[in-house]
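Nothing here was measured: the structure is a model prediction, and the numbers come from that model. Reckoned from all heavy atoms, side chains included, excluding hydrogens, waters and symmetry mates. Note on naming: letters A, B, ... go to the chains in the order of the sequence lines (proteins, then strands), and numbering restarts at 1 for each one.
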Protein chains: 2
Amino acid sequence: MQLDVADAPVGGKADWLTVRLRQAIGDGRLAVGGRLPPTRVLAAELGVSRGVVAEAYRRLTEDGHVEGRRRGGTVVVAAPAVPLPAEPAQPRPPAGLFANTPTPDVFEALRAAPARVDFTPGQPDLAAFPRAAWLQAERTVLAGLSAGHLGYGDPRGTPQLRQAVADWLARNRGIRVAPDEVLIVAGTAQALTLLHPVLRADGVDSVAVEDPGSLGTRQHLVNGDLATPPVPVDDDGIRVDALRATGARAVLLTPAHQFPMGVVASGERRRELLHWAAGDGGLIVEDDYDAEHRYDRPPVPALRALLADRVCYLGSVSKLLAPALRIGWVVPPPRYRDALVNGKRFTDLGNAVLPQLVLARLMASGDLERHLRMLRGRHRRRRDAMTQALAAHLPGAVAHGAAAGLHLTVTYPQDVPDTDLAAAALALGVKCQPLSWHRQLPGRPGLVLGYAATPPGAIAEGVAALGEALRALS
Amino acid sequence: MQLDVADAPVGGKADWLTVRLRQAIGDGRLAVGGRLPPTRVLAAELGVSRGVVAEAYRRLTEDGHVEGRRRGGTVVVAAPAVPLPAEPAQPRPPAGLFANTPTPDVFEALRAAPARVDFTPGQPDLAAFPRAAWLQAERTVLAGLSAGHLGYGDPRGTPQLRQAVADWLARNRGIRVAPDEVLIVAGTAQALTLLHPVLRADGVDSVAVEDPGSLGTRQHLVNGDLATPPVPVDDDGIRVDALRATGARAVLLTPAHQFPMGVVASGERRRELLHWAAGDGGLIVEDDYDAEHRYDRPPVPALRALLADRVCYLGSVSKLLAPALRIGWVVPPPRYRDALVNGKRFTDLGNAVLPQLVLARLMASGDLERHLRMLRGRHRRRRDAMTQALAAHLPGAVAHGAAAGLHLTVTYPQDVPDTDLAAAALALGVKCQPLSWHRQLPGRPGLVLGYAATPPGAIAEGVAALGEALRALS
């Protein structure tokens, strides 16, 4: 051991020696089972008082690193843990990505795969994130904050954000609720996590899902020990007769813009659904993931606006601002409220406060609605670019659900498995999701293509590559 | 219905009429079961074209609000949900607060109770939160952010924060780990939530806890279907013989500064614990909640530094910066890592990204350590003020654990139940927690008194009131 007491700060020799000895034990220079020099010897060697060495040994004894054994001297008994070697980041090879049944980490693997053009659905134009407005609002929030705001908060969310969300839902989604009925959560994933035990406690052991319907949502329900019987979706929305036939007491729906097919539930279907919920005691989990984004049609109010007792409404800022914010909201049926709040309390004691207050300001000031209008223009141009490119490069293909949202789904007449097509596209540098990921029942192959986060030029280039890949496989 | 088409924006008559009719249905002016006027009639009344009215009726039909019934006309079939009356905020009456067995919402009830002086433990001096440094770091982060950072992220946390935490743990807690071994979570509450199912899957159905030991932690474990056999704490820390006698395969510990008694586990006890963990295959959950705050003694390294395979380490910024940030970290035993990451993925897809990047900057720049040094000085003065006031106003009382942390625990010789004393103190405007809340086994009454968030003058005033309350009850 190379120890030079000249390195020790004034008045801190015992500290210094303790740290050095601990390091030496940690990296094996002083092995477990070995003996430390007697205090007298080490003190003389270092040119320090014996008390300094004794103090260092005392602290190491207190740490549990060494043990005094009378005549056996002071022996090293436990080493600090040595770090394991870091695992190298291993993006899954593109081939495996689409070859196997997708596991819960498949979305991270897809994200990690390199590509020139990214058509992964579910993201707004993140380059347009209102950084200046966010920072400005945060400055105002920090300036006006009391110390109490920085402590443990209300597990339901801050009153400011619950009010802002209640107002937002009234203006944009036709839902009129008191702020106390709104629960702020860390996105829709957390809403589902909180909902699982509440549903199971209510005797619900299976939640019917749309087919095609979101793979991520289905994985989530399965992880929560809930069965997910599939219910076909047609051009009017989910087939309520088939829903009834499953016997499931709950269904997870995306009625404003069905994922991934983009269908808007028709008035007739909505009435049938409400009859099912009210008459048969069914519960509707309404995932309103991208309803604020619409281009060629008037807004459709949320189902929650029609039947408060039987609809659990889920919304989030992931498609309005950015998924990275991890802020969402639940408007549950009143009978589920307390159990959900209790779950939120144990899960994380409530969302972080600063971002809630910043978002509340952006919602209340109208900044968020201005941002949304701006996004709508950008997204519409990108949607148009994709529709045109599809017509040019995938003749015979049909685009579904392009009147709203952040993605469209394209089906094609060729008999090419969509996982093969997605893999071939990725090899050409274009990332997208195969429609079959989102199916439990057999059906036409297709691709789910997010356009909102990609500029028109890259969209044209990416769709051309999809056309190329499809021709090569046909 | 008072409808004046002059209110309608140019080119938006159908929109306007739809909204007005929806409102009228919502507030009952158009009752469910009632019939809308024929389009011809309403069009004439309003002075608009029949197409405008037909379009409005079509949209209401699509919404599911009305239904066309041929000769029966257009009938209202479903009303938008009317908001429930907001529940008035009801802080629980102080008497009830301490009279009953505390429920999981007891901490919120205590927070809501009004008081002049707040000795609730567990909060640093929040008035000292480094607002300017936080905002400055956020500005830098926002300026340098790529769009990709705003999308869905790594459920384990951003690489930047995991690196900063790994460095922090090496510098401050003697733990040397690779960033890949660190999992960022939304505070210790979430760490426990993620741990419960992993423990149960590992065959652990009970987690021994210190006695006295944190009520909140115990409630959390019970909520996770885990038994919490109590193990007495003496002046050297938890009694390992009693731990062994419980037969529990896991224990939750606060070895650096036992909550609430403030004991530092002795070297001998630490060695016994490590023998128990290594020899009997026990798991130690190490809650390192306030270890960075110490005044009269050198730092004690974490147990995780000594036995990586058997210790699951939990830390957070709640006591370093502010609970409202909801950021913490877990350094699990390697065999639990994948299951915890999977749990975090489903729970919320990972912590929000912006605050992680801001915190990583504050940690890497040394700002957080500077803040901590400043806090240490402030807290020490407050600790001294409380110790002096206790000597003056509660003669015969003993203060425990004042060498470190953000609180001390005081026991007193009188035979006054501490819940009665806490209730009497609250009636005098002073908030604190009775020691018996944190006990499962019988023991001396006492109070747990946080001093870090209260200026010295208020501390003196508050402790004087405690003395007054105790005299009145004795």
Side-chain angles (χ1 to χ4, degrees), chain A residues 15 59 61-64 67 77-78 80-84 86-87 104 123 126-127 129 131 135 138-139 142 147 149-153 174 176-178 180-181 186-187 189-190 193 220 223 266-267 270-271 274 298 300-301 305-306 308 322-326 342 345-349 352-353 355, chain B residues 59 61-64 67 77-78 80-81 83-84 86-87 104 123 126-127 129 131 135 138-139 142 147 149-153 174 176-178 180-181 186-187 189-190 193 220 223 266-267 270-271 274 298 300-301 304-306 308 322-326 334 342 345-349 352-353 355:
Chain A
D15 275 349
R59 293 196 197 161
T61 309
E62 276 189 352
D63 293 353
E67 206 170 276
V77 292
V82 175
L84 297 178
E87 290 165 283
Q123 304 209 130
L126 295 171
F129 183 82
R131 298 171 195 227
L135 190 65
E138 176 129 355
R139 178 181 298 113
L142 277 169
H149 280 118
L150 291 164
Y152 291 97
R176 297 193 298 160
V177 288
D180 275 352
E181 297 180 77
Q190 184 171 71
T193 297
H220 210 298
N223 184 256
S266 71
R270 291 158 69 91
R271 276 190 297 281
L274 297 176
V300 185
L306 299 168
L325 296 175
R326 309 309 309 131
N342 199 48
R345 177 184 294 122
F346 281 111
T347 296
D348 55 18
L349 301 175
V353 169
Chain B
R59 292 194 198 164
T61 311
E62 276 190 354
D63 293 353
E67 204 171 276
V77 291
L84 298 177
E87 292 164 281
Q123 303 211 130
L126 295 171
F129 183 82
R131 297 171 194 225
L135 190 66
E138 176 129 355
R139 179 182 299 113
L142 278 168
H149 280 117
L150 291 163
Y152 291 97
R176 298 193 297 160
V177 289
D180 276 352
E181 296 179 75
Q190 183 169 71
T193 297
H220 210 295
N223 184 257
S266 71
R270 291 158 71 90
R271 276 188 297 281
L274 297 176
V300 185
R304 180 58 166 75
L306 299 168
L325 296 175
R326 309 309 310 132
N342 199 48
R345 178 184 293 122
F346 281 112
T347 296
D348 55 19
L349 300 176
V353 169

Scored by heavy-atom pairs under 4.5 Å with chain B, the best of A:Val353, A:Leu349, A:Thr347 is A:Thr347
Output for pair (A:Phe129 CZ, B:Leu150 CG), nearest 0.5 Å, gives 5.5 Å
So CG of A:Leu142 and NE2 of A:His149: to nearest 0.5 Å the spacing works out to 11.5 Å
Under the 3.5 angstrom rule, does the side chain of B:Arg326 hit a backbone N or O of A:Asp348 as a donor-acceptor pair?
yes
Max heavy-atom pairs within cutoff under 4.5 Å with chain A, candidates B:Gly153, B:Ala127, B:Gly187, goes to B:Gly153
Between A:Ala305 and A:Gly174, the two heavy atoms sitting closest are CB-O, 3.1 Å
Looking only at B:Glu67, B:Arg59, B:Arg271, B:Glu138, most heavy-atom pairs under 4.5 Å shared with chain A are made by B:Arg271
Output for pair (A:Arg139 CZ, B:Arg131 CZ), nearest 0.5 Å, gives 14.5 Å
If one checks every heavy atom of B:Gln123 against chain A at 4.5 Å, the contacting part turns out to be side chain
Per-residue tally against chain B (heavy atom, under 4.5 Å) across A:Pro301, A:Ser266, A:Pro355 peaks at A:Pro301
